[in-house]
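Step one of this worksheet: look at the structure below.
Chain naming here is simple, since letters A, B, ... match the order of the sequence lines and numbering starts at 1 in each. Hydrogens, waters and symmetry mates are skipped; everything else that's a heavy atom, side chains included, is used.
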Amino acid sequence: MSVISFIVFFIMYKAGDPVELLLPPDATHQEVVQMRAYLGLDKPFTTQYAIFVKNALKGDIGNSYIYGQPAVDIVIERFPATLELSFLAMFFSVILGIPMGVIASVKPKAILSRSIMFFSLAGISIPVFWTGMVFVLICSVYLGILPSSGRGEVLYFTSAFTWDGIKHLIMPVITLTLFQLALIIRLTRTGMMEVLMQDYIKLAKAKGLPNRIVIYYHALKNTLIPVITVIGIQFGQLIAFTIVTETIFAWPGTGKLIIDSIQNLDRPVVVSYLLMVAFIFVIINFMVDVIYTFVDPRVRVK
Amino acid sequence: MSEMLRVENLKTYFDTRKGLVKAVDDISFTIEKGEILGIVGESGAGKSITGFSLINLIDSPGEIVAGRVLFDDRDLAHLSEDELSNIRGGEISMIFQDPQMSLNPVITIGKQLIETVIYHNPETSKQDAYKKSVDMLELVGLPAPEKRMASFPHQLSGGMKQRIVIAMALINSPKLLIADEPTTALDVTIQAQILYLMKKLTKEYESSLVLITHDIAVVAQMCDKIAVMYAGRIVEYGSNQDVLYNSKHPYTKGLIQCLPKLNEEKDRLFQIPGVMPSLLDLPEGCYFSDRCPYADEECKIYPETTTIEGRQVSCHKVNQIS
Ligand SMILES: Nc1ncnc2c1ncn2[C@@H]1O[C@H](COP(=O)(O)OP(=O)(O)OP(=O)(O)O)[C@@H](O)[C@H]1O
Ligand code: SF4
Ligand SMILES: [Mg+2]
């Protein structure tokens with residue numbers, strides 16, 4: 001995480017001078033110098049970084065240049081909206097993707113299996129921003145049935161409890177789900193096909209177990225082990241993907257915040273965001289490891 | 001004695017990209033109740049595929065393309081998957097050749113045994129199934145069976161896994177047991193114990209056993225009847241005594257000559273020259289002709305199966321060979 005903070009800090013330092021963006025174009029030279037001194041930007045890079053690290057260790061990443069509030073608070077305030085999108089997308093991807101992958105693996109030549117595979121190929125190849133914009137075009141512009149931007153009514157940090165909120169959620173969630181769903185379908189299918197060829201599956205059949213037990217217990221249990229790892233990794237990626245989705249649907253989450261902040265060269269906010277994301281990655285990796293030891297007896301400590 | 005299983009003109013083919021593999025080609029035999037049939041032959045002869053064909057469990061691209069497998073008036077070659085799964089693991093069970101790979105790596109031994117009991121006897125309680133499993137593990141000589149019930153396959157040795165697989169096959173007291181090289185991972189004394197146990201159970205319960213092996217010595221001790229397979233076909237089939245002590249087929253004779261004899265000191269063991277041909281590239285006529293010391297022009301046509309002195313043989317020269 002300290003490496004990340006350094007890289008981000010350095011890039012933002014090189015990227016330009018936020019003061020020029022903050023002040024009106026007709027500001028006097030003196031005002032600019034004052035502003036720079038106020039934000040601590042007049043000092044050399046190493047000094048700036050040293051101050052940053054010193055404060056960061058105390059939990060203070062600095063105030064946003066734009067909002068004037070602590071940057072971390074701004075990011076935290078926006079996080080529920082992003083997590084909401086990511087969780088819902090991951091939830092639907094897993095709930096739908098695993099059964100679809102299994103179906104596609106059991107009878108690979110059936111029409112249903114082929115349709116699923118075609119769908120997943122489309123989901124992987126079509127870029128997220130394109131699907132998002134097509135949705136807006138169809139559902140909001142032509143049909144006018146779904147709102148094209150914002151979160152709608154929010155209750156307990158989420159839009160999912162109000163009808164208005166749900167209407168706002170539908171399009172961003174579907175957009176974000178498609179790619180993940182396609183990926184999980186493919187992963188499950190490949191894993192299942194591999195597992196179904198194993199001797200222990202043949203033995204399960206030779207024992208006379210019904211087909212559904214062989215597939216959904218004996219085979220799926222083995223397939224899920226690698227799938228869980230990827231789901232963990234993908235969850236991190238999902239948070240990154242929200243940047244595009246949130247921008248399209250003007251979703252007030254961290255993805256939109258980060259784009260705005262990068263444009264405004266609002267360094268403390270960008271650094272806070274990335275540290276937060278890095279932190280979440282660490283948590284997810286840890287959780288995957290924990291889950292792994294539960295589902296895979298081979299990694300369990302004896 | 002009455003009949004347990006009758007196999008008639010069974011053909012199991014694999015339609016592969018490289019060509020049609022006739023892994024089992026027109027074989028017939030019968031097994032009586034209380035009888036042990038040995039299937040012997042070199043690697044790749046089609047022994048395992050024969051075993052799988054008996055329970056109609058052939059992975060694609062293979063399938064039974066012709067013939068019948070009659071078991072209690074039912075033809076297993078033409079039964080629905082549902083009816084087959086009622087029979088598999090219940091009335092007919094099979095011990096797979098490779099015990100290392102045949103247990104599910106992420107399910108405990110106990111669960112894998114218990115489910116075998118429960119699916120065939122739905123009225124059995126979990127506790128009874130558990131007890132039955134432990135008893136069975138004890139019967140096949142697995143030390144500390146209670147402890148093993150909670151183990152996963154990777155925590156066990158090859159010999160332990162083999163015994164578990166055997167216990168799993170015996171647990172529902174099958175009428176017919178197909179044992180494919182059941183004792184390869186065991187050391188000699190345990191091997192003898194397990195084979196003795198199988199023989200005892202077969203005789204005691206009037207069940208039947210198909211013992212698949214390449215070990216003629218095991219077959220000689222265990223089996224009432226013997227079928228010798230070569231390149232997907234049965235070349236000689238008859239009683240233990242007839243086939244082993246008065247062989248008529250040149251291939252059977254060769255196999256027996258390969259056996260080391262205790263009273264004879266030989267520098268080198270006899271070996272049949274050459275190797276079994278690939279099923280995709282069989283010689284014209286008799287499949288054994290390129291290795292057979294008796295082969296001549298006549299052998300360019302595949303020999304009919306004839307019955308001579310109580311056993312069936314497929315060879316043109318049966319009358320010339322003593
Ligand atoms: N899935 C498959 N696809 C194509 N050919 C196959 C397949 N499975 C088996 N065969 C062919 O069937 C033949 C018989 O195989 P089988 O496993 O029955 O031999 P085996 O007598 O049991 O040999 P071993 O002593 O090595 O176990 C082999 O020659 C093999 O080429
Ligand atoms: S038919 Fe001919 S080649 Fe075949 S086993 Fe008999 S003698 Fe040998
Ligand atoms: Mg075999």
Next on the checklist: Assess the residue pair A/M171 and A/I248 against the criterion (side chain to side chain contact (heavy atoms under 4.5 Å, CB included)); give the C-alpha distance rounded to whole Å, side-chain angles, the decisive distance to 0.1 Å, and a yes or no.
Outcome noted: CA-CA 10 Å; A/M171 284 200 296; A/I248 297 168; over 6 Å; no

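- If you tally non-hydrogen atom pairs under 4.5 Å between each of A/I213, A/N222, A/I201 and chain B, the highest count goes to A/N222.
- In this structure, A/T247 and A/F129 have side chains that are not in contact, with every pair of non-hydrogen atoms separated by 4.5 Å or more.
- Just one residue in the list A/L85, A/L176, A/I233, A/T177 forms a side-chain contact (heavy atoms from CB on, under 4.5 Å) with A/L238, and that residue is A/L176.
- The two residues B/L177 and B/M198 come nearest to each other via the heavy atoms CD2-SD, 4.0 Å.
- A 4.5 Å side-chain heavy-atom check between A/Y273 and A/I243 finds at least one atom pair inside the cut-off.
- Under the 4.5 Å side-chain criterion, counting only non-hydrogen atoms from C-beta, B/L142 is in contact with B/M160.
- Looking at heavy atoms from C-beta onward, A/L112 lies out of side-chain contact with A/K107 at the 4.5 angstrom threshold.
- Nearest heavy-atom pair, B/P105 versus A/P297, reported as atom, atom and distance to 0.1 Å: O-CG, 3.5 Å.
- Residue B/Y205 qualifies as open at atom OH: its count of foreign heavy atoms under 6.0 Å is 12 or below.
- Taking non-hydrogen atoms and a 4.5 Å limit, the residue list of residues 117-140 of chain B in contact with chain A, ordered by number, reads B/Y119, B/H120.
- With a threshold of 4.5 angstrom between heavy atoms, B/P153 does not approach chain A through any atom at all.
- Between the B/Q162 side chain and the B/P99 main chain, no donor and acceptor come within less than 3.5 Å of each other.
- For the pair B/R163/B/I190, a side-chain contact is recorded, criterion being any heavy-atom separation below 4.5 Å from C-beta on.
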Checklist entry - Which is it for A/L220 and A/I215 under the side chain to side chain contact (heavy atoms under 4.5 Å, CB included) test, yes or no, and what are the steps along the way? => result CA-CA 6 Å; A/L220 190 57; A/I215 291 167; 5.9 Å; no

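- At a threshold of 4.5 Å between non-hydrogen side-chain atoms, the residues A/E84 and A/W251 count as touching.
- Taking 4.5 Å as the heavy-atom cut-off, none of the residues of residues 184-195 of chain A approach chain B.
- Contact annotation: the side chain of A/P172 never approaches that of A/T242 to less than 4.5 Å [non-hydrogen atoms, C-beta and beyond].
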Item to check | From CA spacing to verdict: side chain to side chain contact (heavy atoms under 4.5 Å, CB included), A/Q180, A/M90 | outcome: CA-CA 7 Å; A/Q180 299 302 318; A/M90 195 38 101; 4.0 Å; yes

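- The heavy-atom pair separating A/A104 from A/I116 by the smallest distance is CB-CG2, 4.2 Å.
- Residues B/E181 and B/H214 meet the side-chain proximity criterion, which asks for heavy atoms closer than 4.5 Å.
- Looking at B/Q112, the atoms closer than 4.5 Å to chain A (heavy atoms on both sides) sit in the backbone and in the side chain alike.
- Within residues 41-57 of chain B, the residues approaching chain A closer than 4.5 Å by heavy atoms are, in numerical order, B/F52, B/I55, B/L57.
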Checklist entry - After noting the C-alpha distance and the side-chain angles of B/K175 and B/L5, does the key distance pass the side chain to side chain contact (heavy atoms under 4.5 Å, CB included) rule? => result CA-CA 10 Å; B/K175 289 189 195 164; B/L5 183 83; over 6 Å; no

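- Along residues 68-98 of chain B, the residues that come nearer than 4.5 angstrom to chain A, judged on non-hydrogen atoms, are B/S85, B/R88, B/G89, B/M94, B/F96, B/D98 in order of number.
- In terms of non-hydrogen atom pairs under 4.5 Å with chain A, the most contact-rich of B/I107, B/L103, B/V165 is B/I107.
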